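Naming convention: chains lettered A, B, ... in sequence-line order (proteins, then strands); numbering from 1 in each chain. Everything quoted here is computed from the prediction, not taken from an experiment.
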2 protein chains.
Amino acid sequence: MTRTSTLSPVPPADAAAEPTRVAVSTVIFTLRRLPGSETASVALPLVRRTRDPHEGLWALPGGWLDATEGLDAAASRTLAETTGLAPSYLEQLYAFGAVDRSPSRVVSIVYWALIRPDEIADASDENVQWFDAASLPGLAFDHNQIVDYALWRLRNKVGYSRIAHGLLADEFTLAELREVYEAILGRRLDPANFRRQVENSGTLIPTDRFRTGSHRPARLYRYNQDVELADRGPLDRRQ
Amino acid sequence: MTRTSTLSPVPPADAAAEPTRVAVSTVIFTLRRLPGSETASVALPLVRRTRDPHEGLWALPGGWLDATEGLDAAASRTLAETTGLAPSYLEQLYAFGAVDRSPSRVVSIVYWALIRPDEIADASDENVQWFDAASLPGLAFDHNQIVDYALWRLRNKVGYSRIAHGLLADEFTLAELREVYEAILGRRLDPANFRRQVENSGTLIPTDRFRTGSHRPARLYRYNQDVELADRGPLDRRQ
DNA sequence: CCAAAAGTGTTTAGCGTACACCCATGT
DNA sequence: ACATGGGTGTACGCTAAACACTTTTGG
């Protein structure tokens, strides 16, 4: 038998009868401080489905891939169309393609994203609602599984990458940065050790300004733009 | 404006005129010792394209996603059909979907895989050929970029995961395991320190048997099946 | 003055690296 | 016997963690 590349120009005709469609969804995280809570927690927006399948259930924001746009662009577009949000960080998470994950055959390219709390326009839209990541309802499709995986990736990546900055404004105190880490990791960090670690990492630039208001003023820091925020997949890899 | 999930049951009609197709490809690595070389090196099989686009160029093994199979199954199937290989480790790498990566619109779900050298049946197939990963020719589509990314992921993952075992037989000496690491990382490792690290990791079980043949016999080890080989994405995550 | 957060210093434990050294086998 | 890889011991340097301590503000 002589084997050749099966990537023929056109797939078999029978497959074209009910083609597999490509959707793009995004798990977008932010931090918020629940009223009466001491600590911040991870939250994400969900969109109520207005059609079958799973009409009425909450689902990840997303939509169909357009023929004229790349995957990243599709993620940004569908996220904006469904929620009005524009993430400060966006990275591909995983492609989900189990046969039974939807009544029709759908392959979903899922992204995960971060957004700063100050960039969230509180849209008075009853079909978009923010949920605490730790206590989600039953979602449409396999979206609970997807969110769990995105959370795992977030917690994992915060350990070796600078992504926590995607949740903060341009200038921030070390306490604010530490709060981000604590919310994502779900545990308290030693302020003294945290300071040294982040100072020695070379990713922060101290400014001359201070955050005042209570107790001793805290110095404000900026990102060091020379350092990559995080690996964003193969596409912006320089070589 | 009231936003809703754009995941309507059917995509727009104009998009169906020239539908986006889903392909699956695999970067499958093994180790081989080139004749006359002291060290092993990473190698991968490529398939010669027998049709346009890029007829005559070498490409990653792959094929179209079938409507009745999941993504993982499609990767295994297309890999077997094009090369006859069955990997010992298989993990999703990335979804590539740039508009201009192929003349027609194709989203490729790319996997990366490992196979043990002893599992490679040397097929006398002129359309499948093994290449040294460090010196590839110009490949079809964006496949050079994809291989580079897969190599980066391999090198990265070998640092915190047990995937190196996917390139070895059931029983192996520490020198053989070390050789795998050295080939992937591209640098020599201290035998003494390597031994301690891997022994303390708890992933190896010493057997009573030894590899003899030259100099002092070396103890053979087995995998500890209780320890996960590596994270294989969200699908076999237990919670 | 006091509370509380900002910021500094010090000690300890663990781990990776480098490297000296002994052990066991084939030739 | 000796060369060679298998295997052990040890010292050094870096970093994370724990925690005592000083500084600076608001009230």
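- Rounded to whole Å, atom P of D:dT23 lies 16 Å from atom CZ of A:Phe210.
- A donor-acceptor contact closer than 3.5 angstrom links the side chains of B:Arg101 and B:Ser108.
- Using a 4.0 Å heavy-atom distance criterion, A:Arg196 is classed as a base contact.
- Taking atom CZ of A:Phe194 as the reference point, atom P of D:dA17 lies 12 Å away to the nearest angstrom.
- Under the 3.5 Å distance criterion, with hydrogens and angles disregarded, no donor-acceptor pair is assigned to the side chains of B:Arg153 and B:Asn156.
- Residue A:Asp190 has its side chain nearest to D:dC19 when only C:dA6, D:dC19, C:dA24 are considered.
- Atom P of nucleotide D:dG5 and atom CZ of B:Phe172 are separated by 21 Å, given to the nearest angstrom.
- Taking the six-membered ring where tryptophan is involved, the planes of A:Phe172 and A:His165 are tilted, since the angle between them lies from 30° to 60°.
- Regarding A:His215, its NE2 atom lies at a distance of 8 Å from the P atom of C:dA6, rounded to whole Å.
- One atom, CZ of A:Arg195, and another, P of C:dA5, lie 14 Å apart when rounded to the nearest Å.
- The separation between B:Leu189 atom CG and C:dT17 atom C1' is 11 Å, rounded to whole Å.
- The number of heavy-atom neighbours closer than 6.0 Å to CZ of A:Arg188, taken from other residues, nucleotides and ligands shown, is 12 or below.
- A:Ala175 comes within 4.0 angstrom of sugar-phosphate atoms only, judged by non-hydrogen atoms across all strands, and of no base.
- Between A:His143 and A:Phe141, the ring planes lie tilted relative to each other; the angle falls in the 30° to 60° range.
- Atom C1' of nucleotide C:dG14 and atom CG of B:Asn200 are separated by 11 Å, given to the nearest angstrom.
- Picking from C:dG16, C:dG9, C:dA5 the nucleotide with the shortest atom distance to the side chain of A:Ala192 gives C:dG9.
- Evaluation of atom-type donor-acceptor distances gives no pair under 3.5 Å for the side chain of A:Arg216 against the base of C:dA5.
- Side-chain proximity of A:Pro217 to D:dT25, C:dG16, C:dC19: nearest is D:dT25.
- Between the CG atom of A:Asn193 and the C1' atom of D:dA17 there is a distance of 6 Å, rounded to whole Å.
- Nearest-nucleotide assignment on DNA chain D puts the 5′-proximal partner with B:Thr173, out of A:Arg187 and B:Thr173.
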